[in-house]
Chemist: 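Quick one: the structure is below, and I'll ask about it shortly.
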Amino acid sequence: GCPTKGIELVHDRYVVGEELLKELIHLHNENFVGDNSKKRAIGDVKYRHGRMEDLANRDFLVDGTDVMLCNNAHNVFSDRSELKGTTFHLNHILVGLFLQMKPGSVLITLDKLPVGPDCNAVYQRRRNNKLAQRDETPVDCSFFIADEKTFEEDELVSWTYGKGVTVYRYTRTKCKEPKILCSNPKCKKARNSIPLDARKEHEGHVVLNSCSCRYMFAPARERKAPKRFEPTG
């Protein structure tokens, strides 16, 4: 089995998780006693009670992590979780953890993250704005690929809240250092294809960086369909 680690803020849930882990290991050993041919190896499981944003837990959560799962559903990591004295909330901290994960790693969440457009979207913007270099590829434009999948009601367990659940997947590209390119046609850094470090530090936390022109998170414009003429008489 693969090694697993996790963190839980609520003490009662943490205690239940500890007991559940002990019981699962006990049942596993009991069911396969004397029959090592069918016995599966259980990976090392490390479980902590604490806060995700606590800097003391950063290395524990990031080091060696291939896949991170985070239940941030129903906006519990958004504005209402804003850190005291800052403009950052827990989803920003989660993005910071993703920035510190290794190339090729995956972050799966239940709420969309404030991480900006992925490499394919940035690449398309740069092409549309005539900024892309001849040999430029999407991987040159940002440090991650984003996709999502919605599970309908008949695909979910009975106690799931709501009639459907959307899961968001963010995958780090193979680039060793997370970089981003600006796509603002008026920005000198964008015109010169100068890569920016995707990470910056704020009060000890790693958070997402942005270009000084502040264009990078501007939503892509959607072309509205022309109104159809409807005769009234």
Chemist: With side chains defined as the heavy atoms from C-beta onward, is the minimum distance between I25 and H28 less than 4.5 Å?
Modeler: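 No, side chains not in contact.
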Chemist: Could you tell me how the ring of F144 sits relative to the ring of F98: parallel (under 30°), tilted (30 to 60°) or perpendicular (over 60°)?
Modeler: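 Rings of F144 and F98: perpendicular, as their planes differ by over 60°.
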Chemist: Keeping the roles fixed (side chain from H49, backbone from L9), state whether a donor-acceptor pair exists under 3.5 Å.
Modeler: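 A pair under 3.5 Å: yes.
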Chemist: State, without any angle test, whether Q124 and N120 hold a side-chain donor-acceptor pair at a distance under 3.5 Å.
Modeler: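 Short answer, no.
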Chemist: Quick check, are the ring centers of H205 and H202 under 6.0 angstrom apart?
Modeler: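 No.
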Chemist: Quick one: does any side-chain atom of Y14 pair with a main-chain N or O of I7 as donor and acceptor, under 3.5 Å?
Modeler: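 No; judged by distance alone, with no hydrogens or angles, the pair does not exist.
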Chemist: Please check this pair: side chain of N72 against backbone of F77, looking for a donor-acceptor N/O pair closer than 3.5 Å.
Modeler: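 The answer is no, because no donor-acceptor pair under 3.5 Å joins these two groups.
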Chemist: Quick one: does any side-chain atom of R169 pair with a main-chain N or O of D147 as donor and acceptor, under 3.5 Å?
Modeler: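 Side chain of R169 to backbone of D147: no pair is present.
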Chemist: Among residues at least two apart in sequence or on other chains, which ones pass salt bridge (Lys or Arg N to Asp or Glu O under 4.0 Å) with D197?
Modeler: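 Result, salt bridge (Lys or Arg N to Asp or Glu O under 4.0 Å) vs D197: none returned.
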Chemist: Any heavy-atom pair between the side chains of T4 and D44 that's under 4.5 Å?
Modeler: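 A side-chain contact under 4.5 Å is absent here.
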Chemist: Is the cationic atom of R48 (NZ for Lys, CZ for Arg) positioned less than 6.0 Å from the six-membered ring centroid of F60 and within 45 degrees of its normal?
Modeler: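 R48 over F60 ring: yes.
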Chemist: Where the side chain of D54 meets the backbone of A56, is there a donor-acceptor pair that is under 3.5 Å apart?
Modeler: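 Yes: the side chain of D54 pairs with the backbone of A56.
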Chemist: Roughly how far, to the nearest 0.5 Å, is CG of L196 from SG of C187?
Modeler: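 Atom-to-atom, C187:SG and L196:CG are 7.5 Å apart.
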Chemist: Near R191 CZ, under 6.0 Å, is it more than 12 heavy atoms from other residues, nucleotides or ligands?
Modeler: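 Correct, the count exceeds 12.
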Chemist: Do the non-hydrogen side-chain atoms of Y123 and T137 ever get within less than 4.5 Å of each other?
Modeler: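 Y123 does not reach T137 side chain to side chain.
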Chemist: Okay, side chain of E155, backbone of E152: is any donor-acceptor separation there less than 3.5 Å?
Modeler: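 Such a contact is found between E155 side chain and E152 backbone.
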Chemist: Looking at residues at least two apart in the chain, or sitting in another chain, which of them share a side chain to side chain contact (heavy atoms under 4.5 Å, CB included) with P178?
Modeler: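 So P178 forms a side chain to side chain contact (heavy atoms under 4.5 Å, CB included) with L99, F143, R172, A198, R199.
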Chemist: Looking only at the side chains, is there a donor atom on one of S193 and Q133 sitting less than 3.5 Å from an acceptor on the other?
Modeler: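 Yes, because at least one side-chain N or O of S193 sits under 3.5 Å from a partner of the opposite role on Q133.
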Chemist: Look at the side chain of D118 and the backbone N and O of I145, then say whether any donor-acceptor pair between them is shorter than 3.5 Å.
Modeler: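 Checking the backbone N and O of I145 against the side chain of D118, no donor-acceptor pair under 3.5 Å is found.
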Chemist: Just grab all the side-chain hydrogen bond (donor to acceptor under 3.5 Å, both in side chains) pairs involving residues 100-115, residues at least two apart or on different chains.
Modeler: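 Qualifying pairs: D66-K102, S78-D111.
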